[in-house]
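Below is one structure, written out as structure tokens; comments come after it.
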Number of protein chains: 2
Amino acid sequence: MARDNGDGLAAIAGRIGVLGSVALNIVALAIYLRGRAAAEKQASKKVKKAAAVAPSSGKPPVACDSVINLDHGDPTMFEPFWRGPIGESATLVIPGWQTMSYFSDVGNLCWFLEPSFEREVRRLHRLVGNAAVEGYHVLVGTGSSQLFQAALYALAPPTADTPLSVVSTTPFYSMYPPLTDFLSSGLYRWAGDANTFDGDDYIEVVCSPSNPDGSIREAVLKSKSGKDIHDLAYYWPQYTPITQMLAHDIMLFTVSKCTGHAGTRIGWALVKDKEVAQKMSKFMEQSTIGVSKDAQLRAAKVLGAVTDGYEHQLATAAGGDANLLFHYARRKMAHRWCALRAAVAASGIFSLPNEVAGFCTFTKDTVTSNPAFAWLRCEKQEVEDLESFLRENKIITRSGTKFGADQKVVRISMVDTDEAFGIFVNRLAAIK
Amino acid sequence: MARDNGDGLAAIAGRIGVLGSVALNIVALAIYLRGRAAAEKQASKKVKKAAAVAPSSGKPPVACDSVINLDHGDPTMFEPFWRGPIGESATLVIPGWQTMSYFSDVGNLCWFLEPSFEREVRRLHRLVGNAAVEGYHVLVGTGSSQLFQAALYALAPPTADTPLSVVSTTPFYSMYPPLTDFLSSGLYRWAGDANTFDGDDYIEVVCSPSNPDGSIREAVLKSKSGKDIHDLAYYWPQYTPITQMLAHDIMLFTVSKCTGHAGTRIGWALVKDKEVAQKMSKFMEQSTIGVSKDAQLRAAKVLGAVTDGYEHQLATAAGGDANLLFHYARRKMAHRWCALRAAVAASGIFSLPNEVAGFCTFTKDTVTSNPAFAWLRCEKQEVEDLESFLRENKIITRSGTKFGADQKVVRISMVDTDEAFGIFVNRLAAIK
């Protein structure tokens with residue numbers, strides 16, 4: 001049972017620890033310090049030669065002396081689940097003649113929304129109970145990044161003299177500022193920390209649970225003319241107890257963090273107001289003439305398989321939670337957090353946010369939250385720039401400075417492969 | 001043979017003609033004149049009730065008294081080809097566990113580009129000979145619309161005081177102005193007709209063959225500091241003779257107009273300069289964190305099937321060109337243009353651009369061009385607004401005013417279904 005639960009993580013980590021210290025030599029170190037991009041390129045070339053990259057997985061497998069890249073929240077942790085018994089029911093087959101038209105449903109205000117995708121989105125929310133769907137419009141986007149921009153576009157007045165301020169509580173998701181500003185739009189502009197913002201007109205982005213630090217957030221600004229966008233990418237049972245059915249005006253979700261299918265690039269929005277939904281839909285129409293049907297059909301298959309897994313309760317004695325995505329993923333996440341806290345304790349120079357628990361209305365038990373990212377702080381005075389310090393230890397993370405915080409803290413993905421995570425915690429534990 | 005070639009179009013058109021005049025009554029007309037959106041919604045509702053919409057086709061089937069919507073270049077004309085013998089080889093199967101990572105190839109400057117898609121893009125261009133691929137970077141986008149914006153982003157200086165002017169020869173593609181301006185970017189701004197532009201710094205968009213009028217275009221501005229984007233969406237043998245292998249700095253293509261898979265939302269760019277390619281890739285990274293892998297795999301399958309069709313020369317006595325996409329589509333397009341010119345002659349109040357012929361290096365024969373759109377002008381003095389006039393006749397088109405031209409001309413899609421096209425030409429012929 002312990003082996004089942006741990007997915008061989010401890011075994012891998014142990015093995016790696018021995019090999020890792022042997023393999024670490026000056027030559028290798030010099031190569032790796034050339035920086036992430038160069039190192040990755042080299043690794044990729046090596047792998048290409050060996051033809052070891054799985055079709056469309058893209059990332060080279062890691063070895064004990066590899067640079068471990070935990071910069072992105074690349075949710076490859078979920079892959080073993082989808083290779084399991086439920087995987088077959090999620091297989092997508094598209095005949096050559098299908099999905100040719102631009103249109104999915106000419107009667108829908110979001111005319112490029114595949115009806116099967118909308119159906120599965122509503123079904124999943126009804127199952128989990130994390131967000132209201134009755135009376136909401138469902139919109140689809142090329143990932144939730146596109147929906148975030150669509151929401152800015154829909155909420156900002158089209159003819160204002162000055163761009164509308166976009167704010168979020170620090171630490172905020174590092175992509176919000178560039179997503180807002182990369183085209184120097186005259187409609188909206190990034191204005192930083194919501195806590196220090198002064199004014200009545202704004203868009204406040206509320207990411208809860210928070211990327212990067214996992215905390216539960218609410219809007220901090222309360223002006224009547226202000227608008228909110230709720231980014232709920234991580235409001236799923238594997239990351240946090242579902243404590244209430246949220247019913248905000250604009251709620252964003254993504255398949256990426258729910259089921260792990262980041263490469264499919266499908267997000268969705270639940271939007272209360274019809275006019276806002278129409279404007280957001282218009283954004284996707286102008287920006288990309290809608291959203292890939294094939295990707296939507298894929299997402300519909302995957303979300304449908306998740307709900308089916310629960311509705312059919314296919315779990316067997318041998319399989320345990322092999323058909324129950326959220327239970328499977330929560331167990332894995334809890335194990336990883338356990339391993340990480342042990343590594344942090346072993347090292348002695350780091351700290352993590354405190355563990356938070358709550359009653360989950362979906363699983364009907366009291367559980368701790370297991371955020372998708374670790375917000376790791378270094379308590380050692382000599383270490384001023386934690387991202388660089390960890391890079392010297394061949395661990396790639398994202399500096400706190402990108403989240404509006406300081407450089408003694410970093411964000412680390414907790415959803416990478418077992419192998420990468422195992423090497424990472426082992427390496428972290430050894431840093432003194 | 002005649003029946004094979006005509007795909008039953010003449011038969012359908014004939015049948016429709018009789019029924020159409022019977023069905024046309026005041027009540028129906030009043031309903032349809034409520035406008036496109038309302039009419040489409042109604043049709044869609046009707047169809048939903050009858051459950052007649054094919055999975056993910058989205059548009060209701062047309063009947064003899066339907067409003068015929070030829071506003072968009074929705075390339076559903078190609079569907080019968082993909083239902084034919086080649087279709088099976090283009091079927092895409094994706095297991096539940098695949099395409100999960102954000103990354104497709106970490107060693108590529110376009111890290112989200114699926115290697116199989118790049119391979120098939122290069123293979124197809126080598127087959128057709130329409131564009132150089134040696135020494136070019138291949139980039140993928142969510143349709144060529146996203147790549148167009150990526151090119152603007154890459155070519156415009158990031159810190160200029162005033163936005164860079166974006167121009168194109170009139171009549172220009174109606175989406176260029178909104179694609180350039182919808183976010184009020186400080187980086188670039190639509191500046192209209194290239195022929196009347198005065199200045200040295202600009203981006204000139206050259207669409208050839210031209211959407212909307214099918215003409216072959218070259219850049220008209222020649223400043224050393226000016227930049228060009230070549231939109232070659234229609235530079236394929238079914239639309240125009242391939243007269244040379246183009247080798248411009250930035251060349252945009254889309255699966256939509258090449259194979260008819262618009263719903264897949266995949267375009268690609270061939271880019272000579274590495275730095276420009278990097279910036280364009282960065283745009284896709286920021287805008288949508290890459291491009292759906294599932295959609296890329298679909299596009300790779302479809303493009304691969306096209307090239308395979310030619311390389312294997314599977315054509316049989318019965319099938320004719322059933323495995324040869326460009327031959328099949330050229331034959332259909334030629335038939336349609338023939339039918340349209342006959343309808344225009346029968347009506348007597350319209351005119352079309354002159355037919356143009358050339359030697360095609362791909363098919364090794366002299367052929368006329370068969371543009372994807374008809375640029376139809378009304379010669380009747382009383383008709384001032386041709387779009388409205390045709391809408392009264394239940395034909396939805398796009399007004400010349402959206403292309404920088406006058407309102408006595410409209411753009412009409414030539415790539416819709418046989419049924420819609422048949423009803424359209426018949427209806428047009430009857431307008432006096």
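Scope of the values below: all heavy atoms of this structure, side chains included, with no hydrogens, waters or symmetry mates. Residue numbers begin at 1 in each chain, while the letters A, B, ... track the order of the sequences.
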Review point. If you take all heavy atoms of Glu79(A) and Trp97(B), which pair is closest and at what distance?
Key: CG-O, 3.6 Å
Check your understanding: So, do Tyr102(B) and Pro75(A) sit near enough that their side-chain heavy atoms are less than 4.5 Å apart?
Key -> yes
Point to revise | Which of Leu183(A), Val302(A), Thr91(A) touches chain B most, by non-hydrogen pairs under 4.5 Å | key: Leu183(A)
Point to revise | Inter-residue atom distance Thr288(A).OG1 - Gln149(B).CD, 0.5 Å rounding | key: 8.0 Å
**Study point:** Which of Ser292(A), Ser145(A), Ala90(A) touches chain B most, by non-hydrogen pairs under 4.5 Å
**Key:** Ser292(A)
Review point. Can you tell me how far CE of Met100(B) sits from CE of Met77(A), rounded to the nearest 0.5 angstrom?
Key: 9.0 Å
**Study point:** Contact summary for Thr76(B) and Ser101(A), nearest pair of heavy atoms
**Key:** CG2-CB, 3.8 Å
Exercise for review: Flag the one option from Pro178(B), Gly143(B), Pro95(B) with the top tally of heavy-atom pairs under 4.5 Å to chain A.
Suggested key: Pro95(B)
**Study point:** Most chain B-contacting option - heavy-atom pairs closer than 4.5 Å, from Phe148(A), Phe283(A), Trp111(A)
**Key:** Phe283(A)
**Study point:** For chain A, the option from Leu179(B), Leu147(B), Ile289(B), Thr142(B) that forms the most heavy-atom pairs under 4.5 Å
**Key:** Ile289(B)
Revision key, fill the gap. Among Ser287(A), Gly141(A), Gly290(A), the residue with the most heavy-atom pairs under 4.5 Å to chain B is Ser287(A)
Exercise for review: Under 4.5 Å heavy-atom distance to chain A, tell me which part of Phe81(B) shows up: side chain, backbone, both or neither.
Suggested key: neither
Review point. Tell me, side chain or backbone of Phe78(A) under 4.5 Å from chain B's heavy atoms, or both, or neither?
Key: both
Exercise for review: Tell me, out of Pro158(A), Ser185(A), Pro163(A), Gly73(A), who's got the most heavy-atom pairs with chain B below 4.5 Å.
Suggested key: Ser185(A)
**Study point:** Heavy-atom contacts under 4.5 Å, residues 255-269 of chain B to chain A
**Key:** Ser256(B), Lys257(B), Thr259(B), Gly260(B), His261(B), Ala262(B), Gly263(B), Thr264(B), Arg265(B)
Review point. Tell me, side chain or backbone of Phe182(B) under 4.5 Å from chain A's heavy atoms, or both, or neither?
Key: both
Review point. So, Thr99(A) versus Arg298(B): side-chain donor-acceptor pair below 3.5 Å or not?
Key: yes
Exercise for review: Can you tell which part of Gln286(B) gets under 4.5 Å to a heavy atom of chain A, answering side chain, backbone, both or neither?
Suggested key: both
Review point. For Tyr188(A), what residues pass the side-chain hydrogen bond (donor to acceptor under 3.5 Å, both in side chains) criterion, not counting sequence neighbours?
Key: none
